Every structure is written in structure tokens, then in C-alpha cells.
> 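First the structure, then my questions, so here it is.
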Amino acid sequence: MSEIIRRDPRREWIARNRLHPDHASVLAEIGGVQVASEWLGPNGVVRKNPRAIGFIGPSGVKRIDRSGLQQGGQATATTTAARESRRTVTIDQPAFLVAVVPDLTGGRLSNHDKDLLGLARRVADADVEQPGAVVAILFGEHKGEGDGELKKQALGEAGIDRVVHLDDELYAGFAPEARLAVLSAVEREMTPRFWLLPDSPLGGADLGRRLALRLGERAATGVWQIEADDEAPLGWQCTARGAAGSLDIQRPLPRVALALAECAEPVDETRHAAEPLSLVDEIPTILSRIEDLGQVAVDPAGVALAEAEFILSGGNGVKQWDAFHHAAKVLGATEGASRVAVDDGFMARDRQVGATGTWVTARVYMAVGISGAIQHLQGIQRCDKVVAINLDPGCDIIKRADLAVIGDSTQILAALVAMVEQQRGGQRDAA
Amino acid sequence: MQPEQQQKQQKQGIDVTVLVSIGRHPITGRARRAEQDARGLELALAMEAELPGSRINVLHAGSQDVDSEVALRSYLGMATGVGMGLESMTLLEQPDGSDAILPLVEHLAATSPQLVITGARAERGEGSGLLPYALAEHLGWPLVNSLASIEKVENGVVTLLQALPRGQRRRLKVRLPAIISVDEAAPAARQSAFGPARRATFSVSPTASDADSELAQWHLSPARKRPKRLKIIKSASARDRFKAAASKAEGKGGQVLTDVTPEQGAEAIYKLLKEEDVLR
Ligand SMILES: Cc1cc2nc3c(=O)[nH]c(=O)nc-3n(C[C@H](O)[C@H](O)[C@H](O)COP(=O)(O)OP(=O)(O)OC[C@H]3O[C@@H](n4cnc5c(N)ncnc54)[C@H](O)[C@@H]3O)c2cc1C
């Protein structure tokens, strides 16, 4: 095409004349697909058509969005894509290492772990010129969402640069001595500047204290806040809970710190590499004086509702309560109930889940014939996975549920019980 | 030889040392018996009933004054009757603010009990819960935390139940001598009786001790309330921020199975339960 811009004075005139019958079509031509709200006038002056800005809102009122996301007549849908993208960060030459030992409860990073990794990132990224890298030492299987690349991504999005993953029988169950041997090996080979562990009972709280004593450090426990401080030996000051939670102790951050939940914001803007690392030296085998005989079967009915791991909860949609109790027994679930079921006398008052009952924290919550009233949903806010069985596909519990099956509760529970019993029977025959 | 030895041990029982500290009432701040330590002593007393002939030695390192004496005596009031071994306790006397670990290690190494029971963390001072671990590291003994109950002691091996989160239990076998620490999962302690507590005596042995210089440098203050975490919405435009603040949180939208037979529905649920590993 030639360099010369050909002008069409007639078209320009129509574009300026709002009352001309061809006005809209000419504007559209000038501005491409959409109606132009801005164009270059004949004298090189930018002209604006304020009427072409904005869009008609849902109630028929014209709305103008000045955030720049929307232009002309149509709303753009690209915002979500822009929001989802995280900045990718790779740290090739870390100035130092921050070692984190997440609990990995049930094979996933818990919220506590994510907070802790956020804290680790704060420490690692304090100096932009010389960033440190976060090394996570994972014991046992990691069950991130998806597998392969996706798994790595889940770790990277939590803020992990390097991963040392030990997925061996040896470290399963209660194996503090074996795990400690690994951490000692990491200390020898990598000498991280900081060791951060979650101060959670039976996870980091135990392992972290053992590690601190092994390294000869006086660990800070119950840390919930850190601040940069140039006077402190390692550059950080921390606030920790002491004396059964009744004291705040301010002290310089030592090399080993055990942090409480919500000690920092989890990472949400960046994605890190999560490169696998392996230890060079052989880890010495330790003759353990503690033998783990495995978990003991506890009666699920005796477990407090607030701390039960798996709850089978029944509501107004449960028609056969005997079958419901039988299902709970077969599945090994703790029983819960909605208020209606309690008021109708089918369940005891202490089994009520919800605003006026118990706030539960189950990993899996199965709601059978419960509509999901707001008072009930409040009580299950902190549950991980919710399964719903209901006749009505439009009710609120379906929106909350990770898996919803639409159908009659009695039949589905019966089918589930049959399936579980059959599988168990099969296993027993094989064994 | 085995049964003989077993019998002998059953007759003799084992030596148990319970470490006790001075607690702090959460509201009044007065000295009292520490909750977890009392549970530890309760556990020891229960074990003694199971295993007659066991000797319980109650041990405390710290200063002796009026307040702490009342608190310490209330541990001794937990056992009544002659020959229960709680007529007296050992007090390693040292000034306030000194490090208790070394005197305790020395004492334990000298008396060599088979089992040491401690609370998980103290209610005063640093309360970091490092003490049991320090003892284990110094003495080289195995340590088990969060104990729920002791099942049996046999041939120098103790079988016990460890409390896991969510009300679960794990059975462990530990070779003696060992240290076990107790927290809220252990059975609640019994009442303390006043008379036996009054009559009990202390056997005091002064110990040389170093002041805890590190602790003295730290700044201690009553616990502040932790700020509640705010839901931070990081978004460039006011419109998105407003929408996030004003709209009801929408579910992530799980999988919905409509028009399936009960069997298919049950199968989907079964798969999820298996994945989550809640079926035992
Ligand atoms: C102040 C206040 C506090 C409250 N606190 C609580 C509380 O703490 N906890 C609580 O639970 N409630 C509470 N409620 C009550 C709450 O508002 C609801 O009334 C209650 O949760 C509804 O219980 P539901 O879901 O079992 O019954 P419904 O709302 O009757 O729901 C029954 C569901 O079962 C389904 N259904 C019916 N038949 C079948 C079938 N054969 N198979 C499968 N599905 C079937 C239906 O489709 C329906 O969705 C409170 C209310 C108030 C006013």
C-alpha cells in the first residue's frame, strides 16, 4: 500500500455529523469492528465521541467503565486470563537457602504449610539483588492436584524453588529418627541459612524441636510475626508466643524457627521453579528404638464432631435412618446432622452441624439430603471436600459441593454401602 | 529365662520419674499445678495401679518459696495411701531464671529411671516445649510426644498409644529407657487432696546452675491479640475489587452428576473417598 493517507472528506463530515443517517456505520468503519469513540480529525486534532463510550448495563442504564478494561460497546472477557497469570520466577544462583519442611498432611500442602512458605519467601526475597532460594523437604507421597507437570506447578505456586522429595517406606508413619537423619544430611550438604517448620502438633512441632537440638540451636517456637532488623545477628527479629500462649517473646530470629499458622500471607503472585534436587550422600540407616505398629481403629462415633476427619451428615432428605446409621458404620464415618434432623428427633443435639451446632473441620463432608441453608453452610466452611446427595439440583449445597450426585438418598447410600462391602470382601478373600 | 525375668519385672515394676513444673492459672495468673504435668502424673499413677511395685519419683528443678510450694504440694496430693511413693518429691533447688536442663540431665543420669514423663510445654517462662527434646538429646534416649495412654510394659519395652489429630490413635513400641511427653490428649488429672499434700515432704538438693542469659535479653510482654487475617483482593481495577467485596463468594463449581443410576453415583463417591483416603 502507498504511504499516502487518502482522506475522504465526505466520510469525515458524516463522522462528525451525529444526525446523519449513515453516522453510525461510518464511525464503525473508521474504528474497525466497533464504534470508534476516538479518531483523528481533519486538522490533526483528536476527536472524541462520548456517546460511543460505555455499554448498556443489565438494567438498561448506560455504564461507563474507566478502568480501561472495556472499550466501545462490548465488554471484554480477557480480564480473567490476565488475572490468573502469575509471574514466573527462577532463581539460578541463590545467595543462600531457606529450608522448609512442610507437614504435607494427607499428601497435600496444608494452609499452615502455605503460610509457612509465604514466610520463607519473605525471608528469601528480602534482598532483591541477592535472593535466596526456598528448599522444601517433602516426606511421603505428594498428591497435588493432577500429576506430572501439574504437581510440580502446585509446589511452585506455593513458592518452592527446589524440592528434596523422599518417598520411602522408611519415612512413613512416626519415624522421627529417620526423618531427622535426612534433615541432618540436608544440613551437611546445603547448610541452609534458616530452617522453618510449622509448629503443628505431631508434624513440624516434634520434628523441628528434634532438629533444633541436633543442630544445637535454641529454636524460636510459636513464631507468628517477623520483622527485618539490622541489629539482629541474622537480620530478622521475631515475635513468638510463649508460656502456653500468654506471653509474647521478642527475640532475634534464630536459625531454626517453628511458626504458627497465619504467620505470613501465602504466595499468590509468583510461580517458582520447584526443581527436584537429590541428596548426594547416602543417608545413614538408623536403628530406631521406636517401632510404629500403625494406627489403631478408633470408634468413629466416639470422635468429637469438631475434629472428625470424615463426616456423614444427614438432613431432612434422609428417609431411612437405620440405613443411614448402617452406612456410617460401614464407611467408618462420624455422624453429623442438620438442624431439622435433630429437631425431628432422629439425631442427638450434639451431632448438629452448623451455626448453632458444631463448626466442623472434616477433610471429607458428605451431606445426605441436606439443602445447604446458610446456617448449615457456615458450619462446614472449613471442610476440604464436600460431597452432596440430593434430589434437587438447584439447592445451595450443590454449589458448595465438590461432587454432587442427584438422586434418592436411600438408593445411593445403599449402593455405596454395597460397593464398599464388596470391595472389602474382595480384599479379605485375596488376603 | 524369659518368663522368669518377666515375672520378676512384673513384681518389681519400673522406676518412673515425673517432671513437674509450676503452672499459671490462665486468668488469675496464680501459681498452680501445671495442667499437662498433672496429666503426666495421672498417667504414671494409672500405670502404677496396673504394674504394682512401680516407683514414682516426682522431680522439680527451681526455687523454693511459698507460692511454688503450694503448687508443688498439689501434685503430691494426687496420690493417697501409704507406699505410693508420693510422700515426698525431689527438688533441685536453683535460683529463678536459671537453666533447668543441665541439673535435670545430671539427676536423671545419676538416678537412671526407666521412664521419664514430662508435660509438653511449661506454662511460665519461655514455654517453648524444648525441654523434653533437650533431655532426650543429652541422655540419648528415645522420645515420644503427645501420649494418650500406656498400654503395657514388658521386657524393657513399653507399648503406648500416641494421640494423632482428629481423635486418631497410633500404637508405638519404645525401648526403655525413654522419655514421653504428655499434652491435652492424655486423660485428665484427678483432684488433689489437701491432707496428703500438707504431709508430704521435700528432699531438697541445691544445685549449681547457670543463669539463662539469653532469655534475660529477650523482651517479654503479655500476649497481644493477633490481628485477624483480612481477605486481600489484589486487583488493578476498582471494579474487580468492588465486585469481590460485594458479591457472595461463588463456589468453585464442583462436579454435578445428574441422571445417573444410584450405582454410578455411588461409584463416583466411592472413587472420591478412596482418593481422599478416608475409607479404612
Ligand atoms: C437461628 C437459626 C439457626 C440455625 N442453625 C442451624 C444449624 O446450626 N445447623 C443447621 O443445619 N441448620 C440450622 N438452622 C436451620 C436451617 O435454616 C435449615 O432449616 C436447615 O439446615 C435445613 O435442614 P435440611 O437441609 O436438613 O432440610 P431441608 O431444607 O428440608 O432440605 C432437605 C433436602 O433434602 C432433599 N431431599 C428430600 N428427599 C430426598 C431424598 N429422598 N433423597 C435425597 N434428597 C432428598 C431435598 O431436595 C432438600 O434439598 C438454623 C435456623 C435458624 C433460624
Side-chain angles (χ1 to χ4, degrees), chain A residues 65 67 69 83 106 174 201-202 206 209-210 212-214 218-219 221 224 241-251 262 268 289-298 303-304 307-310 331-332 363-364 385 387 393 398-407 411-412 415-416 419-420, chain B residues 24 26 121-130 133-134 137 142 144-146 161-162 164-175 183 214 218-224 226 229 235 237-239 251 254-258 260 262-263 265-270 272-273 276-280:
Chain A
D65 179 6
S67 67
L69 292 177
R83 217 182 310 135
F174 187 65
L202 283 164
D206 181 53
R209 287 183 171 87
R210 287 176 200 265
L213 265 300
R214 183 59 53 87
R218 188 160 180 178
T221 59
W224 59 275
R241 279 279 141 93
S246 63
L247 276 185
D248 267 345
I249 303 176
Q250 278 180 338
R251 56 177 284 192
E262 302 199 358
D268 63 353
R289 284 159 300 177
I290 304 174
E291 191 187 340
D292 189 347
L293 299 183
Q295 277 202 20
V296 184
V298 284
V303 177
E307 59 172 26
E309 186 168 32
F310 175 28
L331 296 175
R363 256 191 327 114
V364 179
K385 295 263 172 192
V387 181
I398 307 290
K399 297 194 191 105
R400 169 69 175 81
D402 298 273
L403 172 67
V405 181
I406 309 299
Q411 289 176 13
I412 295 178
L416 185 61
M419 192 170 291
V420 172
Chain B
R24 177 185 174 279
R121 61 184 69 187
E123 295 176 8
R124 287 169 182 267
E126 192 185 348
S128 62
L130 284 167
Y133 294 88
E137 190 72 25
V144 174
N145 65 333
S146 195
L161 286 185
Q162 188 184 34
L164 300 181
R166 304 193 172 283
Q168 303 295 312
R169 298 278 184 271
R170 178 154 60 198
R171 186 169 286 133
L172 299 173
K173 252 185 178 176
V174 185
R175 186 154 289 283
D183 59 20
E214 227 176 308
W218 300 341
H219 179 73
L220 306 190
S221 56
R224 255 189 305 147
R226 285 181 65 182
R229 178 179 265 179
S235 170
S237 79
R239 183 160 173 271
Q255 190 190 4
V256 182
L257 300 179
T258 33
V260 289
E263 281 71 33
E267 191 160 351
I269 296 174
Y270 182 76
L272 186 136
L273 298 183
E276 291 296 320
D277 206 16
V278 286
L279 287 182
R280 299 241 151 66

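Proteins come first, then strands; the chains are lettered A, B, ... in the order of their sequence lines, and each starts at number 1. Everything numeric in this text was worked out from a predicted model, so none of it was measured.
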> Do Arg251(A) and Glu126(B) pass the salt bridge (charged side-chain N to carboxylate O under 4.0 Å, His left out) test, and can you show the C-alpha distance, the side-chain angles, and the key distance before you say yes or no?
CA-CA 11 Å; Arg251(A) 56 177 284 192; Glu126(B) 192 185 348; 3.7 Å; yes

> Give, as side chain, backbone, both or neither, the part of Glu137(B) having an atom under 4.5 angstrom from any heavy atom of chain A.
side chain

> Heavy-atom pairs under 4.5 Å with chain A - which of Thr258(B), Leu130(B), Val174(B) has more of them than the others?
Leu130(B)

> Is the shortest side-chain N to carboxylate O distance from Glu276(B) to Arg363(A) below 4.0 Å?
yes

> Chain A: which of Ala223(B), Ala134(B), Pro142(B), Gly265(B) shares the most heavy-atom pairs with it under 4.5 Å?
Ala223(B)

> For Arg224(B), check salt bridge (Lys or Arg N to Asp or Glu O under 4.0 Å) against everything at least two apart and list the hits.
none

> So which atom in Glu123(B) and which in Ala243(A) form the shortest heavy-atom distance, rounded to 0.1 Å?
O-CB, 3.4 Å

> Give me the atom names and distance for the closest heavy-atom approach of Leu279(B) to Phe310(A).
CD2-CE2, 4.4 Å

> Rounded to the nearest 0.5 Å, what separates atom CD1 in Ile406(A) from atom CG in Leu257(B)?
8.0 Å

> Roughly how far, to the nearest 0.5 Å, is CD of Gln162(B) from CG of Leu293(A)?
11.5 Å

> Ala268(B) versus chain A, heavy atoms under 4.5 Å apart: side chain, backbone, both or neither?
both

> Taking side chain as C-beta onward, heavy atoms only, is Gln250(A) less than 4.5 Å from Trp218(B)?
no

> What's the separation between atom CG in Leu164(B) and atom CZ in Phe174(A), rounded to the nearest 0.5 Å?
9.5 Å

> Please state whether the side chain, the backbone, both or neither of Leu220(B) comes within less than 4.5 Å of a heavy atom of chain A.
both

> Rounded to the nearest 0.5 Å, what separation is found between the CZ atom of Arg210(A) and the OH atom of Tyr133(B)?
5.5 Å

> OG/Ser221(B) to CD1/Ile249(A) distance, rounded to the nearest 0.5 angstrom?
9.0 Å

> So with a 6.0 Å cut-off around CD of Glu267(B), is the heavy-atom count from everything else above 12?
no

> Looking at Ser246(A), Ala244(A), Pro393(A), which one has more heavy-atom pairs under 4.5 Å with chain B than the rest?
Ser246(A)

> Where do Ile290(A) and Val144(B) come nearest, in terms of heavy atoms and distance?
CD1-CG2, 4.1 Å

> If I measure from the heavy atoms of chain B, does Val303(A) come under 4.5 Å with its side chain, its backbone, both, or neither?
side chain

> Might you work through the side-chain contact (heavy atoms from CB on, under 4.5 Å) test for Glu263(B) and Gln411(A), ending with a clear yes or no?
CA-CA 8 Å; Glu263(B) 281 71 33; Gln411(A) 289 176 13; over 6 Å; no

> Let's test your reading of the structure: which of Gly125(B), Pro26(B), Pro262(B), Ala122(B) forms the most heavy-atom pairs below 4.5 Å with chain A?
Pro262(B)

> Is chain A contacted by the side chain of Arg169(B), its backbone, both, or neither, given a heavy-atom distance below 4.5 Å?
both

> Given heavy-atom pairs under 4.5 angstrom as the criterion, report whether the side chain, backbone, both or neither of Val420(A) touches chain B.
both

> Walk me through whether Ile412(A) and Ile269(B) qualify under side-chain contact (heavy atoms from CB on, under 4.5 Å).
CA-CA 10 Å; Ile412(A) 295 178; Ile269(B) 296 174; 4.1 Å; yes

> Restricting to side chain to side chain donor-acceptor pair (under 3.5 Å), what partner residues turn up for Arg175(B), sequence neighbours left out?
none

> Can you tell me how far the CG atom of Leu172(B) sits from the CG atom of Asp292(A), to the nearest 0.5 Å?
5.5 Å

> Below 4.5 Å, heavy-atom pairs only: which of Met419(A), Arg218(A), Arg214(A) has the largest tally toward chain B?
Arg218(A)

> Are Glu291(A) and Arg171(B) ion-paired here, with the side-chain N under 4.0 Å from a carboxylate O?
no

> With chain B as the partner, which of Gly294(A), Gly242(A), Gly407(A), Gly245(A) has the greatest number of non-hydrogen pairs under 4.5 Å?
Gly294(A)

> Can you tell me which portion of Ala308(A) sits under 4.5 Å from chain B's heavy atoms? Options are side chain, backbone, both or neither.
backbone

